[in-house]
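Taking it in order: structure first as structure tokens, then the write-up.
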There are 2 protein chains.
Amino acid sequence: MVTSAAPKASFKEKMLQVREDAIILAVNRLLAEKGFEAMTVDAVAAEVGIAKASLYKHFPSKEDLAAAAMVAVMGRAQAFLDSVPGDVPPLERLRRVVAWTMRAKLDGEMPFLPSQHSGLRRALLGNAQYVAGLANVSARLTGWIAAAQAQGAIHPGFAPNVVLYTLYARACDPVLEFLQMDGVYSDDEIVSLVLATCFNGLAAR
Amino acid sequence: MVTSAAPKASFKEKMLQVREDAIILAVNRLLAEKGFEAMTVDAVAAEVGIAKASLYKHFPSKEDLAAAAMVAVMGRAQAFLDSVPGDVPPLERLRRVVAWTMRAKLDGEMPFLPSQHSGLRRALLGNAQYVAGLANVSARLTGWIAAAQAQGAIHPGFAPNVVLYTLYARACDPVLEFLQMDGVYSDDEIVSLVLATCFNGLAAR
DNA sequence: GTCTATAATCAGATAGAC
DNA sequence: GTCTATCTGATTATAGAC
């Protein structure tokens with residue numbers, strides 16, 4: 001695996017980076033489509049158009065492939081957080097993050113990892129970039145949650161972690177797929193509906 | 001596989017039924033613990049204490065094993081629906097069903113099946129008992145949802161299916177595991193918290 | 001029906017030439 | 001680094017004796 005922090009990347013190194021990006025893109029797509037267990041390394045190699053052995057020169061294991069995809073997701077998430085204007089109220093900021101997450105899932109761009117798989121857990125926790133990215137995103141979201149609660153916009157009875165987990169869970173919410181399969185809603189409508197159930201609840205107000 | 005509708009079961013048939021129940025129990029537990037892909041037929045046989053080949057005399061494939069477990073779940077769900085008193089208001093009835101589902105998950109009794117696995121889908125849809133059970137549960141819940149909406153207890157803007165999917169999704173909500181891993185909440189508190197986010201939403205009221 | 005033993009297949013990972 | 005070809009182990013499923 002090539003470090004992406006090379007100060008002066010040569011042409012060869014750039015080509016390598018491009019290839020690794022292609023690999024990660026393929027992994028991301030297959031992970032979103034089939035999940036970790038059902039994604040085969042053969043399929044990844046086929047999608048990238050290289051030999052399986054070449055994959056293993058870049059990433060030492062299937063778990064590391066998935067971890068690399070998650071690092072990329074964390075990078076995109078951080079970029080999105082950066083893109084939210086600072087003058088937007090905290091609650092609305094949280095809504096936008098959830099909407100962004102759900103849209104990514106609807107577009108088949110959200111990897112789906114089993115939280116039980118022990119080898120995968122080790123690979124993720126052993127990946128400093130992933131851990132740092134997740135910590136950064138969590139810390140920033142927790143700040144927004146606290147701010148929203150201070151404004152009385154989020155129910156104060158929920159510990160910040162409860163809110164955080166509930167937001168994260170939208171990234172693997174099967175309701176999105178169910179509604180998509182029903183075929184009667186556009187993606188925008190689905191996002192809007194799940195956003196409403198998530199923040200306003202099922203009960204009438 | 002032995003039909004459970006035998007009008008006059010002999011001793012031998014009863015023993016067979018007991019064994020199949022034991023198999024289904026083991027499958028249910030392993031499915032809840034590891035998910036479908038990570039559950040091996042060897043592990044099932046080992047847990048039941050019989051040879052793997054014997055398993056295949058009862059169920060022709062791994063998919064059929066999972067389907068049998070889901071039939072059992074549907075049976076338990078129908079029994080629970082029956083147990084809810086008729087004079088309980090519809091919204092409270094829905095809350096109890098969700099609470100029951102989440103408690104089953106927290107107790108490691110809720111099988112986790114990948115909705116993508118095509119062979120599994122075929123096995124499930126080819127199982128008349130499962131399809132009938134799912135349809136029955138869905139129809140009854142839909143009735144309760146409509147009643148709750150008629151009373152103004154559930155937001156009328158949600159189509160019944162949206163509500164139904166949202167309730168079903170609690171059976172595989174990762175928030176439950178996250179909170180359980182945090183270790184600061186009892187199971188009762190977890191159920192109460194997720195029930196609150198589900199019906200009342202994250203936003204303050 | 002249950003068992004032991006084995007087939008058949010598939011997927012993760014590697015060897016070694018170029 | 002990339003390739004072809006292969007190894008290794010795990011897993012689903014079955015044969016055949018009892």
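Throughout, a chain's letter reflects where its sequence line sits, starting with A, and its residues are numbered from 1. Quick caveat: nothing in here was measured; it's all calculated off a predicted structure.
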Nearest of [options] to any side-chain atom of [X]?
| X | options | value |
| --- | --- | --- |
| Lys57(A) | dG12(C), dT2(D), dT12(D) | dT2(D) |
| Glu63(A) | dA13(C), dG1(D), dA13(D) | dA13(C) |
| Lys52(A) | dT4(C), dG1(C), dA13(C) | dA13(C) |
| Tyr56(A) | dG16(D), dT14(C), dT4(C) | dT14(C) |
| Ala53(A) | dA13(D), dT14(C), dA13(C) | dT14(C) |
| His58(B) | dT2(C), dG12(C), dA13(D) | dT2(C) |

remark   = Closest heavy-atom pair, Glu47(A) versus Ala26(A), reported as atoms and distance to 0.1 Å, is CG-CB, 3.7 Å
query = Between Ser61(B) and Tyr56(B), which heavy-atom pair has the shortest distance, and what is it?
reply =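 Taking every non-hydrogen atom into account, CA-CE2, 4.0 Å.
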Using atom [atom1] of [X] as one end and atom [atom2] of [N] as the other, report the distance to the nearest whole Å.
| X | N | atom1 | atom2 | answer |
| --- | --- | --- | --- | --- |
| Met39(B) | dA10(D) | CE | P | 18 Å |
| Phe59(A) | dA13(C) | CZ | P | 14 Å |
| Ile23(A) | dG1(D) | CD1 | P | 11 Å |
| Lys62(B) | dT9(C) | NZ | C1' | 14 Å |
| Met15(A) | dT2(D) | CE | C1' | 13 Å |
| Glu37(A) | dA10(D) | CD | P | 16 Å |
| Leu55(B) | dA13(D) | CG | P | 11 Å |
| Asp42(A) | dC3(D) | CG | P | 13 Å |

query = Counting any heavy atom closer than 4.0 Å, what does Thr40(A) reach on the DNA or RNA strands: base, sugar-phosphate only, or nothing?
reply =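 It contacts sugar-phosphate atoms only.
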query = Ignoring hydrogens and geometry, is there a side-chain-to-backbone donor-acceptor pair from Glu92(B) to Pro89(B) under 3.5 Å?
reply = no
task = State whether Ser54(A) places a side-chain N or O below 4.0 Å from either non-bridging phosphate oxygen (OP1 or OP2) of dG1(D).
result = no
query = Between Asp188(B) and Arg103(B), is there a salt bridge with N-O shorter than 4.0 Å?
reply =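 Answer for the salt bridge query: yes.
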Pairs satisfying salt bridge (Lys or Arg N to Asp or Glu O under 4.0 Å), at least one member in residues 116-143 of chain B, at least two apart =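 Only Asp82(B)-Arg140(B) qualify under salt bridge (Lys or Arg N to Asp or Glu O under 4.0 Å).
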